[in-house]
Amino acid sequence: MSSHPPRPLIDWSLAVRTGRRLAPAGPDLTPAQAREVVADLYRHAHTAAALVSQATQLPTTTASEVVVVDRPGWMQANAAAFQLLLEPLVQALASRADPSD
């Protein structure tokens, strides 16, 4: 029996570091251009939320939670979301692989 803790099935930090290293750089924008792009993204997010609400008859709440991030921030947020979503599956697979359970 090993005294080391078992290795996680997914190394989320490695996934984020790899994504950051492999992803191309974003566009080279002036601060004014970046502000304009961010404003457009927020505006389109609110429009999309209203359209979804209209089509589904569900209340709009998502647009107020919109966060605009750069590529490294997007990678970190995606890894965190997938980690949360996949945790039950990862735990089930890990317990199957561990004969002590």
Side-chain angles (χ1 to χ4, degrees):
M1 184 183 276
S2 173
S3 63
H4 299 289
R7 273 186 47 208
L9 294 177
I10 301 171
D11 185 337
W12 295 105
S13 295
L14 176 62
V16 170
R17 286 193 313 273
T18 302
R20 287 179 176 176
R21 190 172 56 249
L22 296 177
D28 188 21
L29 302 174
T30 67
Q33 290 169 320
R35 284 190 298 275
E36 184 178 336
V37 168
V38 169
D40 283 346
L41 288 170
Y42 278 113
R43 187 173 61 255
H44 291 304
H46 286 277
T47 300
L51 292 171
V52 169
S53 177
Q54 181 181 8
T56 63
Q57 300 300 304
L58 296 172
T60 56
T61 58
T62 307
S64 63
E65 300 169 11
V66 171
V67 177
V68 176
V69 296
D70 59 5
R71 289 177 187 203
W74 178 83
M75 289 174 206
Q76 182 66 49
N78 261 321
F82 275 102
Q83 183 176 9
L84 181 66
L85 289 169
L86 294 175
E87 187 59 29
L89 174 62
V90 168
Q91 286 182 1
L93 291 172
S95 68
R96 280 186 168 179
D98 186 3
S100 68
D101 283 350

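In this text, all values refer to a predicted model and were calculated from it rather than measured experimentally.
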Looking at every non-hydrogen atom in both residues, tell me the closest pair between Arg20 and Met75 and how far apart they are.
N-SD, 3.2 Å

Can you check whether Val68 reaches Trp74 side chain to side chain, under 4.5 Å on heavy atoms?
no

Any non-hydrogen side-chain atom of Leu93 less than 4.5 Å from a side-chain atom of Leu9?
yes

Between Pro24 and Arg71, is there a side-chain heavy-atom distance shorter than 4.5 Å?
yes

For Pro88, does its backbone N or O pair with a side-chain atom of Gln91 as donor and acceptor, under 3.5 Å?
no

How close do Tyr42 and Val66 get, heavy atom to heavy atom, and via which atoms?
CE2-O, 3.4 Å

Do Leu41 and Leu29 belong together in a cluster built from hydrophobic side chains that touch within less than 4.5 Å?
yes

So if I apply the side-chain contact (heavy atoms from CB on, under 4.5 Å) rule between Gln54 and each of Thr56, Leu58, Leu51, which one comes out positive?
Leu51

Could you tell me whether Asp28 atom CG has more than 12 heavy atoms of other residues or ligands within 6.0 Å of it?
no

Can you establish whether the number of heavy atoms outside Glu36 located under 6.0 Å from its atom CD is more than 12?
no

Value rounded to 0.5 Å, distance of OG in Ser13 from CD in Gln76:
7.5 Å

Is a side-chain N or O of Ser53 found less than 3.5 angstrom from the main chain of Ala49, in a donor-acceptor match?
no

Hey, does Arg21 have a side-chain heavy atom less than 4.5 Å from the side chain of Thr18?
yes

CH2 (Trp12) and CD (Glu87) are apart, to the nearest 0.5 Å, by 9.0 Å

Treating Ile, Leu, Val, Met, Phe, Trp and Tyr as nodes and any side-chain heavy-atom pair under 4.5 angstrom as an edge, say whether Val90 and Phe82 lie in one connected cluster.
yes

